[in-house]
Structures are given as C-alpha cells and as structure tokens.
Engineer: 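Handing you a structure now.
In what follows, every heavy atom counts, from backbone to side chain, and hydrogens, waters and symmetry copies are set aside. All values derive from a computational prediction rather than experimental measurement.
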Amino acid sequence: MKKDKPRVAIQGIRASFHEEAAFKYFGENIQTIECNSFKQTFDALEANEADYLVMAIENSIAGSILPNYSLLLNYNFPVTGEIYLPIQLHLMALPGVTFEQVKYVTSHPIAIRQCIDFFDEYPHLKIVESNDTAACAKRIHDEKLTDTVAIANTLAAKLYGLDILERRIESNKKNFTRFLILTTHANVVKKPADKASLCFQVSNQVGSLAKVLNIFANQGVNMSKIQSMPILGKRNEYNFYVDVEWEETKQYDAAVKQILKYTHNFNILGEYKRHEDEASAEKPLNIAPPSKPERKYISIKKLAK
C-alpha cells in the first residue's frame, strides 16, 4: 500500500528527535502521528492508524533501549530500514530573552546528562526534567516563559519560534542514535537488502552460541550488533538479537540455512538496506516558525561565580 503522504508514528511530539529521524528517512512530506510511548506507536500501526513507525533502538552513549527489543519480537512487524541521527543539543529561549535572565533549564533527563559539562559552568541554574525535549520547547512557547531555557534540536527551535542562545552544548560531539523503521507485512516493499535483524535462541551448552557466530564468520557475513535479553520465567535462557551485514546475498542465505541447525525460535525481524554514512552536520529543514524568525547565534559569557 503506497500513500503520497505516509502516516508515521513516533514516540513524542512534533519536533522531537523521532520526528527529525522520520524526516531524514522519509522526507518532510509525511503525516506525523504523535504517541506517548513506544508501545503506542506499535498499537497505532496495528490499528492501521499509521503506515510506518520510527523507533530508537540504541544510542552511542546510553546504549541499547532494551524494552524496544521485546516490542520487536512481540508485535512481529518487519523492519524495513534504519537511520542514524547525530544528536545535536542546543540551548533555546523565547526571542529577546538573554542568558542573564535564565533561572531554569528543562529537557529530557538523558539530554541533560549529555550536557553536564556545560552546566557545570553555571551552577546557579535549576534543572527541571521532562519526558520529551520538544515538549519542553513547546511549553516555553505556549506559556511564554522568560526565565526558562530548553535543551532540544534545531527543529524544535524553528517549529516553536525560539531563539538558539548556544549551539552544540552536548559534552560528546560524536553522539548518534540509531532508529529502526517498521511497517506492516502488507506494506512491505521488497528491495535489495544488505542487512538483517535476527532473533534466535540457542541451547544452554558449551559452544552453542560460538557455533552460530562462527558460521557468520565463515560465510563472510559481518555481525554488527548482538544483544541478549533474558526470557521471562526461564532460567538461563535468552533471546539473542543480532544484526548482520553482507556484500553478496548468497553469503547471507548460506549462513541462515546453516544456523537453523543450531538455533530454535529463529525469527527474521527484517531485511533492509543498511544506513550509509554521511556528514554529521545538520541539514536545514523547511519548517517555518510560528511568528518571528530565528535570531542569529550569540555566544554566552560565563557568569561570575
């Protein structure tokens, strides 16, 4: 099923990093379906309220988002793609607000932790945690808060009409989040693939997992990710989630045929094109602010302690 304007379910609200990832993958001509949780994105897809969902699966600093692996297996929607998004965090406020007026900074707790070096320089600021970076920017806009700044992305600043006071305040400038693209089986468009996400179990015996990994190696299939998750209620039993990449399809096909002998509950979660590396700089998006244009970047001077 093909639509001119696909409906894409995301966790969070508009201008969140999930919507930015959706724009990067699909382009900006999409209908964003806002959901309060990752489970709700799957429910929206199941109820045909969305055509696709975009879900974060791991971050280069925070690691894997473990509950989302269980959602992949429980709902059994196919993975049709992936996208890596550089996480670039900016400090933003209402137009006209200066840094000297600011008393509070609000954002998602993970975003705040990723900017800890910046805030060590300004201990007078009070940290207010929230459940979504974009929601913090929206709150400043809606409530006209002149004593509060948000940590969010460029998209949030543009959409909610905020000025960026300081760019790239994250401590680690090489922070990326990997997002998976999922759809229903009816919507899958078969394309040449060079990456797959698999899930399987092996017996609790010496060398069981090693046999599987050696098969991948012997066939020239690169294992780019492995994640284990305990099986609820079963002692010493695990689901292994594995991402593999290949240059020729015959390598992958041969590996799968062989590992079926040594695994059980084997699932192919998706076969798709792997994300190609590209420049980490943010690309401008055509999202107009509600009213005033964004002010030019200004530097923040450290306050006297």
Engineer: Taking the hydrophobic residues Ile, Leu, Val, Met, Phe, Trp and Tyr, and joining any pair whose side-chain heavy atoms are under 4.5 Å apart, which ones share a cluster with Tyr69?
Structural biologist: Phe38, Phe42, Leu45, Leu53, Met55, Ile57, Leu66, Leu71, Leu72, Leu73, Tyr75, Phe77, Val79, Leu180, Leu182, Met229, Tyr241, Leu269, Tyr272
Engineer: Counting N and O atoms only, with roles assigned by atom type, does the side chain of Asp163 sit under 3.5 Å from a partner on the main chain of Leu165, one being a donor and the other an acceptor?
Structural biologist: no
Engineer: Using atom types as modelled and distance alone, determine if a side-chain donor or acceptor of Asn48 lies under 3.5 Å from a backbone N or O of Glu46.
Structural biologist: no
Engineer: Drop me the distance from Tyr104's OH to Ile140's CD1, to the nearest 0.5 angstrom.
Structural biologist: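 Rounded to the nearest 0.5 Å, the OH-CD1 separation comes out at 13.0 Å.
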Engineer: May I ask you to say whether Arg7 pairs ionically with Asp51, meaning some side-chain N is under 4.0 Å from a carboxylate O?
Structural biologist: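 Salt bridge: yes.
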Engineer: Thr183 pairs by side chain to side chain contact (heavy atoms under 4.5 Å, CB included) with which of Val188, Val8, Val189?
Structural biologist: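 It is Val188, the one option of Val188, Val8, Val189 that forms the side chain to side chain contact (heavy atoms under 4.5 Å, CB included) with Thr183.
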Engineer: Any donor-acceptor pair under 3.5 Å linking the side chain of Ser208 with the backbone of Gln205?
Structural biologist: yes
Engineer: Quick one: sort the Phe99 and Tyr122 rings into parallel, tilted or perpendicular, breaks at 30° and 60°.
Structural biologist: perpendicular
Engineer: Going by side-chain hydrogen bond (donor to acceptor under 3.5 Å, both in side chains), name the residues that satisfy it together with Ser130, two or more places apart in sequence or in a different chain.
Structural biologist: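 Expected list: none.
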Engineer: Write down the atom of Phe179, the atom of Phe17, and the distance for their closest heavy-atom approach.
Structural biologist: CZ-O, 3.9 Å
Engineer: Check the orientation of Phe200 and Phe266. Use parallel for under 30°, tilted for 30 to 60°, and perpendicular for over 60°.
Structural biologist: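 Ring orientation, 0 to 90° scale: parallel.
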Engineer: Indicate whether any N or O donor in one side chain lies under 3.5 Å from an N or O acceptor in the other, for Ser16 and Glu19.
Structural biologist: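 Note: Ser16 and Glu19 side chains miss the donor-acceptor criterion.
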Engineer: State whether a side-chain donor-acceptor pair under 3.5 Å links Gln11 with Thr41.
Structural biologist: no
Engineer: Does either side chain, that of Asn175 or that of Ser60, offer a donor lying less than 3.5 Å from an acceptor on the other one?
Structural biologist: yes
Engineer: With Ile116, which residues qualify under side-chain contact (heavy atoms from CB on, under 4.5 Å), at least two apart?
Structural biologist: Asp120, Ser171
Engineer: Does any pair with a residue in residues 248-268 pass salt bridge (Lys or Arg N to Asp or Glu O under 4.0 Å), and if so which ones, sequence neighbours excluded?
Structural biologist: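 Listed once each, the pairs are Glu248-Lys250.
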Engineer: Please lay out, stage by stage, how His108 and Asp132 fare under the test side-chain contact (heavy atoms from CB on, under 4.5 Å).
Structural biologist: CA-CA 5 Å; His108 189 282; Asp132 186 73; 5.8 Å; no
Engineer: Tyr84 and Lys24: side-chain contact (heavy atoms from CB on, under 4.5 Å), yes or no, with the steps?
Structural biologist: CA-CA 9 Å; Tyr84 283 79; Lys24 190 173 182 180; 5.7 Å; no
Engineer: Any donor-acceptor pair under 3.5 Å linking the side chain of His90 with the backbone of Arg168?
Structural biologist: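 Checking the backbone N and O of Arg168 against the side chain of His90, a donor-acceptor pair under 3.5 Å is found.
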Engineer: Can you list every pair that meets salt bridge (Lys or Arg N to Asp or Glu O under 4.0 Å) and has a residue in residues 186-207, with sequence neighbours left out?
Structural biologist: Glu82-Lys195, Lys190-Glu271, Asp194-Lys273, Asp194-Arg274, Lys195-Glu245
Engineer: Using a strict 4.0 Å threshold on nitrogen-to-oxygen distance, state whether Glu237 and Arg235 make a salt bridge.
Structural biologist: no
Engineer: Quick one: which residue pairs count as a salt bridge (Lys or Arg N to Asp or Glu O under 4.0 Å) with a foot in residues 52-77, not counting sequence neighbours?
Structural biologist: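 Residue pairs with at least one partner in residues 52-77: Glu58-Arg178, Glu58-Lys225.
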Engineer: Taking the side chain from Thr106 and the backbone from Ala150, do they hold a donor-acceptor pair closer than 3.5 Å?
Structural biologist: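 Side chain of Thr106 to backbone of Ala150: no pair is present.
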